[in-house]
Participant: 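Mind having a look at this structure? Questions to follow.
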Amino acid sequence: MHEHYTPAQIEADAQAQWENNKVFQAVEDVSKPKYYACSMLPYPSGKLHMGHVRNYTINDMLARQLRMRGFNVLMPMGWDAFGLPAENAAIAYKKSPAEWTYANIADMKSQMQPLGLAFDWSREIATCDPDYYKWNQWFFLKMLETGVAYKKTQIVNWDPVDQTVLANEQVVDGRGWRSGAIVEKREIPGYYFGITQYADELLDDIDQLEGWPDMVRAMQRNWIGKSEGVRFAFDHDVKDADGAPINDGKLWVFTTRADTIMGVTFCAIAAEHPLATRAAELNPALLPFIDECKHGGTTEAELATQDKKGVSTGLFVTHPLTGAQLEVWIGNYVLMGYGDGAVMAVPGHDERDFAFAHKYGLPIRQVVAVDGETYSAETWAEWYGDKVRGVMINSGKYDGLGYKAAVDAVAADLAAKDAGEKKTTWRLRDWGISRQRYWGTPIPIIHCPCCGDVPVPYEDLPVVLPTDCIPDGSGNPLKHREDFLNVACPKCGEAAQRETDTMDTFVDSSWYFMRYCDPKNGEAMVGEGTKYWMAMDQYIGGIEHAVLHLLYARFWTKAMRDAGLVSFGEPFKNLFTQGMLLRDCYYREDTHGKKRWFYPSEVDVLHDDKGRPVSAIAKEDGQPVVMGGIEKMSKSKNNVVEPKDIIEQYGADTARLFTMFAGPPDQSAAWSDSGVEGAYRYLRRLWAFGVKHAETIRTAGELTAALAKDDKALRFEIHSTLKQIDADFERLQYNTVVSGVMKLLNALEAYKGDNAAVLRESFGILLRAIYPAAPHIAHQLWRELGYGDEIADAAWPEPAADALTQDEIKLMVQVNGKLRGEILVAKDAAKDVIEAAALAQEGVQRFLDGAPKKVIIVPGRLVNIVA
RNA sequence: GCCCAGGUGGCGAAAUGGUAGACGCAGGGGACUCAAAAUCCCCCGCAGCAAUGCGUGUCGGUUCGAGUCCGACCCUGGGCACCA
């Protein structure tokens, strides 16, 4: 046994033993309760970040502790290996995406392995492997058969930088979510998954996801965006240039407030609406405003405070119930992409319409009243939009009705006139999966001049993607690959061509977690392994996937269920979203406002006399730099920490221990160099304690009932801390698990007794408690001190009831809720004994004026005397 | 504007309605050392010599007792958004 802590050697030895004995290879075993814990599939960028270390250590702590508690644990790892970065790298380095990707995977894996994570690497998958994406293609064909997948020609979001189509969900602020390029509209054919067919179920089942953070559930609900209302039409006689009525003479609108229909005083349409286009033809003066709406930053966050702007088209429509003529305005607040691109305006009861009407002097009509409130068309009040208390007025036959009754009555009347009906609209759109790029799953379709689009026969799968293409930025290289392209039509045998579009990579990540369960199954997409391991017990990943990935995976699971492949409808029982790792950053701005970022090591921080940081200077010139606060680690800000450097200097256990201790795992945590030192210091102390007491612990006998006071005190401390650690494991609060194991060592070091059995028991608890966080050192000490050969197979310790019972207990004494003293009483002392002891306290008497009014005793806790 | 999370020492943070600040970092003092590093010991919310008082974003409330529960508000972070 080394006298000093030597992490490099300890960690290599432990990892070799785990690998040689296949300790973490998961085998289906119905005699044990299963637990499937999985981290979100990483993209193989080639660089392992400290954030990865934190995320996977969370996963690892969970897996290792549950394994000790008797669960059959599966913790797999794989690679989200398709996608655009590989094509960009190909352009930059003239390497094929396949070569680049596989090199990155090897690289990243080699950086990951020194961390000693308990992954079952035998189940590793890469989504760019034909054995994997074959099943993307297979299930695509299944969905095509059932109509869940379909082809349509549609105006799509075209990303001019990525040269690809984006789903509506992937457009952020009018820009591609990855490239940031301003999205253009283009019309091309593509394949879609009918996620909206599952909209109701996706929404309803959110209620069942009790193991998910409320925040994520709320975000999914908002994304799906169910909205119940009435869709109806205003008639008009506006005709296009050829004299045909536009949209058959109807202006369709959707409203959730059909009750206020008698308060409609005008209509507002989007700038792209056909009526707007026609109005501009008739009156070119409208063009500048229409242009402004199309190109103006309609999705800027500041728009919340921006003025509602509009312009009248000079066109009129007819109110379907009153027959009144209503002016049609083009409004910058109406979106063509939502509903019908037109709204009925009720300035009396919609805040937005109210502001618009005021600005342009349009009529305002009150049709809802609330008892006790006074209406004024001059200023807006919250209650104008009240659906609960509001009652209809100035609305003819609807007067006196409440919100729901009024909506029903209006909907019925519109339906009777064949002018509209109740309708549910959704924010959610179908998922476009066609990508005009090379590095992805080929869509298994053959275009035949005679037979049209023909699905590739199942027996011909997979359609293998050639791996030697090198994209050059001019589009999809598959278009020039004759050997890929040319194929006989499966139907008629004539010369035909393959589809060259590939699938969105969100397809790959929608079910990979099931493939881990049957990674080598050549016969089926999923099999017995999936039956055994799914649904997943704990999914761990970033909040940035709260909507897209998690919604797609839920949808895909339901589609698989409906295809008879699995029996469950929700893939993830519990979801944990971990926080990011942040670090201080420092910069200096040049005269052009360009920031130069300094590495934290290049900066000295100056503190005031209270230790508060007040300013920072660069070491190189002593001149001030700006303290940029703590930000997400990023290369551009020079505040990245390399896991490799930390592991080399301190070892993996230190890196793991620090990232767990830095803060609650679900919140962001700040990197701290001195904090890392602290974690290292602790592990050294732990090792030194093991060395110092090795002989005593190795040769210790059985624990007996005859214990000295110090022995009892130590056991109480150890076992009660273990209880706390257990509770914190349960709720995944690993930062306090670590502080718990720190307490254990503090208690052991403070122990004055000489009972070898107590020492052995206590240190054994400490080793198992710290094992999930710092497995290597625990593994080595476990062996060296003669506890056993493999700590991973040891049973998780149970707090012992006899250690937790105390003869005497300390009670805090309060007067009027303020702490005034403490007493030591027998654990089963009678109430009057406790009361007498409390009242006898000097500190209590001083604050007591005569007899106490009341004495409250909280058993085992405190006594509160009400004076 | 809507939704979600959060606001506690110099810092990261902890606390089933019951001792606020555990655990750690930084800081101060001391021991060991020729010296340094490492290690060990002590102190460490604010004010005060002390007794004590004040302290968990603000203001109220419930309670014997509130960081924790309720109501209103302020601030920070994240997400979504002219969503009708």
Side-chain angles (χ1 to χ4, degrees), chain A residues 4 172-173 213-219 221-223 225 227 229 253-257 268 270 298-301 303-306 308-309 331-335 337-340 342-346 350-353 355-356 425-427 543-544 546-547 580 607-614 630 658 661-664 666-679 681-682 684-685 688 721 724 727-728 733 735-743 746 749 810-822 846 852-867:
Chain A
H4 296 291
V172 181
D173 293 340
D214 287 340
M215 171 164 52
V216 176
R217 298 207 283 174
M219 285 166 79
R221 272 192 205 99
N222 291 341
W223 195 268
S227 171
V253 299
F254 175 78
T255 180
T256 55
R257 294 303 305 268
T298 49
T299 47
E300 297 288 327
L303 285 185
T305 50
Q306 185 184 299
K308 318 293 174 224
K309 278 201 216 162
N332 66 351
Y333 64 101
V334 183
L335 297 180
Y338 190 83
D340 293 286
V343 297
M344 66 176 208
V346 184
D350 180 283
E351 188 167 5
R352 226 173 23 208
D353 296 341
F356 194 85
T425 59
W426 303 82
R427 184 184 182 278
I543 189 73
E544 67 272 22
V547 179
M580 287 182 306
H607 301 260
D608 67 8
D609 55 357
K610 298 257 189 197
R612 278 181 282 247
V614 284
I630 48 172
F658 170 74
F661 186 56
D666 59 339
Q667 288 169 35
S668 57
W671 182 262
S672 152
D673 292 325
S674 50
V676 177
E677 292 277 356
R681 200 145 53 217
Y682 173 79
R684 270 199 317 240
R685 262 172 63 206
T721 304
Q724 172 235 306
D728 290 339
Q733 201 178 72
N735 54 325
T736 49
V737 167
V738 175
S739 61
V741 301
M742 288 174 168
K743 273 189 221 175
N746 289 350
E749 286 180 337
K810 191 170 79 174
L811 296 179
M812 308 316 293
V813 182
Q814 297 180 335
V815 178
N816 292 333
K818 281 197 159 87
L819 187 67
R820 298 300 178 192
E822 58 182 65
R846 215 178 323 147
K853 283 204 191 88
K854 198 173 169 187
V855 178
I856 290 141
I857 298 174
V858 183
R861 283 273 184 193
L862 58 70
V863 183
N864 189 16
I865 296 158
V866 185

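Throughout, protein chains are lettered first and strands after them, A, B, ... in sequence-line order, and every chain is numbered starting at 1.
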Participant: What is the distance from CD of A/E749 to P of B/rU39, rounded to the nearest Å?
Facilitator: 12 Å
Participant: Return the nucleotide paired to B/rA38: Watson-Crick means purine N1 to pyrimidine N3 with N6-O4 or O6-N4, wobble means G-U with N1-O2 and O6-N3, both under 3.5 Å.
Facilitator: none
Participant: Would you say A/Q733 places a side-chain N or O within less than 4.0 Å of OP1 or OP2 belonging to B/rA22?
Facilitator: no
Participant: Reckon A/Q724 touches a base, only the sugar-phosphate, or nothing at all at heavy-atom distances under 4.0 Å?
Facilitator: nothing
Participant: Measuring from the side chain of A/S674 (C-beta onward, heavy atoms only), which nucleotide among B/rC64, B/rG12, B/rC25 has the closest atom?
Facilitator: B/rC25
Participant: Between B/rG55 and B/rG7, how far apart are the two C1' atoms, rounded to whole Å?
Facilitator: 15 Å
Participant: Paired with B/rA20: which nucleotide, if any, by Watson-Crick or G-U wobble criteria at under 3.5 Å for both distances?
Facilitator: none
Participant: NA contact type, A/Q814, heavy-atom cut-off 4.0 Å: base, sugar-phosphate, or nothing?
Facilitator: base
Participant: Counting only side-chain heavy atoms from C-beta out, which of B/rC4, B/rA84, B/rU19 sits nearest to A/T256?
Facilitator: B/rA84
Participant: Between B/rU39 and A/R684, is there an OP1 or OP2 to side-chain N/O distance shorter than 4.0 Å?
Facilitator: yes
Participant: Within the 4.0 Å heavy-atom criterion, would you say A/P213 contacts the bases, only the backbone, or no part of the nucleic acid?
Facilitator: nothing
Participant: On RNA chain B, nearest-nucleotide positions of A/R861 versus A/S672: which is more 5'?
Facilitator: A/R861
Participant: Given atom CG of A/L819 and atom P of B/rA66, what is their separation to the nearest angstrom?
Facilitator: 14 Å
Participant: Could you please name the partner base of B/rC82, counting Watson-Crick and G-U wobble pairs only when both distances are under 3.5 Å?
Facilitator: none
Participant: Counting distance only, does the side-chain N/O of A/D353 pair as donor-acceptor with the main-chain N or O of A/V346 below 3.5 Å?
Facilitator: yes
Participant: Taking only the C1' atom of each, what is the distance from B/rU8 to B/rA14 in whole angstrom?
Facilitator: 10 Å
Participant: What interatomic distance, in whole Å, is found between P of B/rG12 and the corresponding atom of B/rG60?
Facilitator: 29 Å
Participant: Between B/rA38 and B/rA31, how far apart are the two C1' atoms, rounded to whole Å?
Facilitator: 14 Å
Participant: Given that both distances must come in under 3.5 Å, which nucleotide forms a Watson-Crick or G-U wobble pair with B/rU52?
Facilitator: B/rA47
Participant: Quickly work out the A/F661 CZ to B/rC23 C1' distance and round it to whole Å.
Facilitator: 5 Å
Participant: Go through B/rU19, B/rC23, B/rG18 for me and flag the one nearest to the A/S739 side chain.
Facilitator: B/rC23
Participant: Just label B/rG7 as syn or anti from its O4'-C1'-N9-C4 or O4'-C1'-N1-C2 angle, using within 90° of 0 for syn.
Facilitator: anti
Participant: Would you say A/N864's side chain and A/I856's backbone share a donor-acceptor pair under 3.5 angstrom?
Facilitator: no
Participant: Could you give the CH2-to-P distance, from A/W426 to B/rA81, as a whole number of Å?
Facilitator: 18 Å
Participant: Walk me through whether A/R685 and A/N746 qualify under side-chain contact (heavy atoms from CB on, under 4.5 Å).
Facilitator: CA-CA 10 Å; A/R685 262 172 63 206; A/N746 289 350; 2.6 Å; yes
Participant: Nearest 0.5 angstrom please: A/K743 NZ to A/T721 OG1, how far?
Facilitator: 5.5 Å
Participant: Hey, what do you get for CD (A/Q733) to CD (A/Q724), rounding to the nearest 0.5 Å?
Facilitator: 9.0 Å
Participant: Would you measure the distance from the C1' atom in B/rA15 across to the matching atom in B/rC23 and give it in whole Å?
Facilitator: 12 Å
Participant: Pairing check on B/rC73: which nucleotide meets the Watson-Crick or G-U wobble criteria with it, both distances under 3.5 Å?
Facilitator: B/rG57
Participant: Considering only B/rA14, B/rA22, B/rA84, which nucleotide approaches the side chain of A/P664 most closely?
Facilitator: B/rA14
Participant: If we take the C1' atom in both B/rC11 and B/rU58, what is their distance in whole Å?
Facilitator: 24 Å
Participant: For the side chain to side chain contact (heavy atoms under 4.5 Å, CB included) test, which of A/V676, A/V738, A/D673 pairs with A/F658?
Facilitator: A/V676
Participant: Taking the side chain as everything from C-beta on, heavy atoms only, tell me whether A/V863 gets closer than 4.5 Å to A/I857.
Facilitator: yes
Participant: Measure from CE on A/M742 to P on B/rA13 and round the result to the nearest Å.
Facilitator: 15 Å
Participant: Checking all strands, does A/D350 fall into the base, sugar-phosphate, or nothing category for heavy-atom contacts under 4.0 angstrom?
Facilitator: nothing
Participant: Take atom CG of A/N816 and atom P of B/rG18, then tell me their distance rounded to the nearest Å.
Facilitator: 19 Å
Participant: Output the single nucleotide from B/rA84, B/rC3, B/rU19 whose closest atom is nearest the side chain of A/K810.
Facilitator: B/rU19
Participant: Choose from B/rA84, B/rA14, B/rG18 the nucleotide whose nearest atom is closest to any side-chain atom of A/L862.
Facilitator: B/rG18
Participant: Is there a side-chain contact between A/F356 and A/D350, using heavy atoms and a 4.5 Å cut-off?
Facilitator: no
Participant: Would you classify A/R221 as touching base, sugar-phosphate or nothing, given that sugar-phosphate means primed atoms plus P, OP1 and OP2, and contacts are heavy atoms under 4.0 Å?
Facilitator: nothing
Participant: If you measure from the P atom in B/rU52 to the same atom in B/rG28, how many Å do you get, rounded?
Facilitator: 31 Å
Participant: Mapping A/R257 and A/N864 to their closest nucleotides on RNA chain B, which lands nearer the 5' end?
Facilitator: A/N864
Participant: Do the side-chain N or O atoms of A/R846 get closer than 4.0 angstrom to the phosphate oxygens (OP1, OP2) of B/rU52?
Facilitator: yes
Participant: Check this one for me: any side-chain N or O of A/R681 less than 4.0 Å away from OP1 or OP2 of B/rA26?
Facilitator: yes
Participant: Does A/N746 make a side-chain N or O approach to OP1 or OP2 of B/rG24 shorter than 4.0 Å?
Facilitator: yes
Participant: For A/V858, which contact category applies under a 4.0 Å heavy-atom criterion: base, sugar-phosphate, or nothing?
Facilitator: base
Participant: Rounded to whole Å, how long is the line connecting atom CG of A/D214 with atom P of B/rG79?
Facilitator: 19 Å
Participant: Taking the same atom, P, in B/rG45 and in B/rU63, what whole-Å distance lies between them?
Facilitator: 34 Å
Participant: Write down the distance between CE (A/M812) and P (B/rG17), rounded to a whole number of angstrom.
Facilitator: 20 Å
Participant: For B/rU68, which nucleotide in any strand shown is its Watson-Crick or wobble partner with both distances under 3.5 Å?
Facilitator: none
Participant: Where the side chain of A/V343 is defined as all heavy atoms beyond and including C-beta, which of B/rC23, B/rG79, B/rA84 is the nearest nucleotide?
Facilitator: B/rA84
Participant: Can you find a heavy atom in the side chain of A/V866 that is under 4.5 Å from one in the side chain of A/V855?
Facilitator: no
Participant: With a 4.0 Å limit, can you tell me whether A/N735 has a side-chain N or O closer than that to the phosphate oxygens OP1/OP2 of B/rA14?
Facilitator: yes
Participant: State whether A/K818 places a side-chain N or O below 4.0 Å from either non-bridging phosphate oxygen (OP1 or OP2) of B/rC54.
Facilitator: yes
Participant: Regarding A/R820, tell me which of base, sugar-phosphate or nothing describes its non-hydrogen contacts under 4.0 Å with the strands shown.
Facilitator: sugar-phosphate
